[in-house]
Amino acid sequence: KIVVLDAEEESRQTLRHLLDCEGWLVHFVDDTRTMMNELVSGEWSLLVVNIEMAPPGGPLFSVLRDLSQAEIVKPGSQDRLRSIAGPRKDESAVARRLGVLFLVPIELAYEYLAYLERDRLPYAVRPYHLQDFFEKVSDLLIEVGAIPRPIRASRFQASTLPGEKART
């Protein structure tokens, strides 16, 4: 389940087309209050947010950065944690709760990419390079435990031009 925070109608339509066609449940919001209410429900695995709605240095950016880097114990792993001797924590018993992918319009890349890279936050520059975009979404969904294996090709990439061999 993916929630998208973006106020630009054209961007939402593009994302709706890309993500719905892949079979993911996608919900679009255009204001931060609605987004926060959705996140509180705990139903979402991934938040895709237009960086213009949460610019670096602002309070929402800080919250999203912290959420994307927060780790929680997976359900059912309490017994494994109790059996570990000493103060070490079992890294395999921990998973990120919410993936966050920032969307950066190309005309704002010079302004925002340094912040995202400094904090090691995933981002996609719009207009999208499809393979890169789907790899980032796939990697984040794996990190949060929403899908079991990578999705390395979208349905858009599955079609071939006449005379080309299909990739396997």
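These values consider heavy atoms only, across backbone and side chains, with no hydrogens, waters or symmetry-generated copies.
Rounding to the nearest 0.5 angstrom, the gap separating the CG atom in Leu98 from the OG atom in Ser68 is 8.0 Å. Distance check: Met35 CE to Leu64 CG gives 5.0 Å after rounding to the nearest 0.5 Å. The distance from atom CD of Glu9 to atom CZ of Arg16, rounded to the nearest 0.5 Å, is 7.0 Å. To the nearest 0.5 Å, atoms CG (Leu67) and CG (Leu47) are separated by 8.5 Å. With values rounded to the nearest 0.5 angstrom, Leu141 atom CG is found 13.5 Å from Arg149 atom CZ. Interatomic distance, CE of Met53 versus CG of Leu5, reported as 4.0 Å (0.5 Å rounding).
Leu19 and Leu130 fall within a single hydrophobic cluster, where Ile, Leu, Val, Met, Phe, Trp and Tyr side chains are chained together by heavy-atom contacts under 4.5 Å.
With sequence neighbours excluded, no residue forms a side chain to side chain donor-acceptor pair (under 3.5 Å) with Trp24. Under the rule for a side chain to side chain contact (heavy atoms under 4.5 Å, CB included), Glu10 has no partner lying at least two apart in sequence or in another chain. Residues satisfying the side chain to side chain donor-acceptor pair (under 3.5 Å) test with Thr14, not counting sequence neighbours, are none. Legend: residues meeting ring pair (Phe, Tyr, Trp, His ring centres under 6.0 Å) with Phe133, ordered by chain and number and at least two apart, are Tyr128. The side chain to side chain contact (heavy atoms under 4.5 Å, CB included) check on Pro105 picks up Asn50, Ile51, Glu52, Glu107, Leu108, Arg126, with sequence neighbours excluded. Take Asp30 and apply the side chain to side chain donor-acceptor pair (under 3.5 Å) test, not counting sequence neighbours, and it matches no residue. Partners of Glu111 according to the side chain to side chain donor-acceptor pair (under 3.5 Å) rule, which considers only residues two or more places apart in sequence or in another chain, do not exist here. Remark: Asn37 engages Arg33 in a side chain to side chain contact (heavy atoms under 4.5 Å, CB included) (not counting sequence neighbours).
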Inset, instruction - Could you give me the CA-CA distance, side-chain angles and deciding distance for Ile2 and Leu15, then say whether side chain to side chain contact (heavy atoms under 4.5 Å, CB included) is met? - result: CA-CA 11 Å; Ile2 301 171; Leu15 288 168; over 6 Å; no

Legend entry - side chain to side chain contact (heavy atoms under 4.5 Å, CB included) between Leu18 and Val137, worked out: CA-CA 11 Å; Leu18 292 175; Val137 169; over 6 Å; no

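Residues Leu60 and Met36 form a side-chain contact, since some pair of their non-hydrogen atoms from C-beta on lies under 4.5 Å apart. Side-chain contact between Val48 and Val26 is absent, with no heavy-atom pair separated by less than 4.5 Å. Inter-residue side-chain proximity for Leu113 and Val104 is flagged as met; some heavy-atom pair is nearer than 4.5 Å.
Smallest separation of non-hydrogen atoms from Ser138 and Ile147: O-CD1, 3.7 Å. Residues Arg12 and Phe28 share a closest heavy-atom pair of O-CE2, 3.6 Å. For the residue pair Thr34 and Val29, the shortest heavy atom distance occurs at CG2-CG1, 3.4 Å. The nearest pair of heavy atoms linking Val100 to Leu140 is O-CD1, 3.8 Å.
Within the structure, every pair that satisfies the ring-ring contact (aromatic ring centres under 6.0 Å, His included) test and touches residues 44-65, not counting sequence neighbours, is listed here: His27-Trp44, Phe61-Phe102. Annotation: salt bridge (charged side-chain N to carboxylate O under 4.0 Å, His left out) contacts involving residues 34-50, sequence neighbours excluded, comprise Lys1-Glu43.
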Distance-only donor-acceptor hits, side chain of residues 114-125, under 3.5 Å, sequence neighbours excluded:
from   : atom 1 : to     : atom 2 : distance (Å)
Glu117 : OE2    : Tyr123 : OH     : 2.5

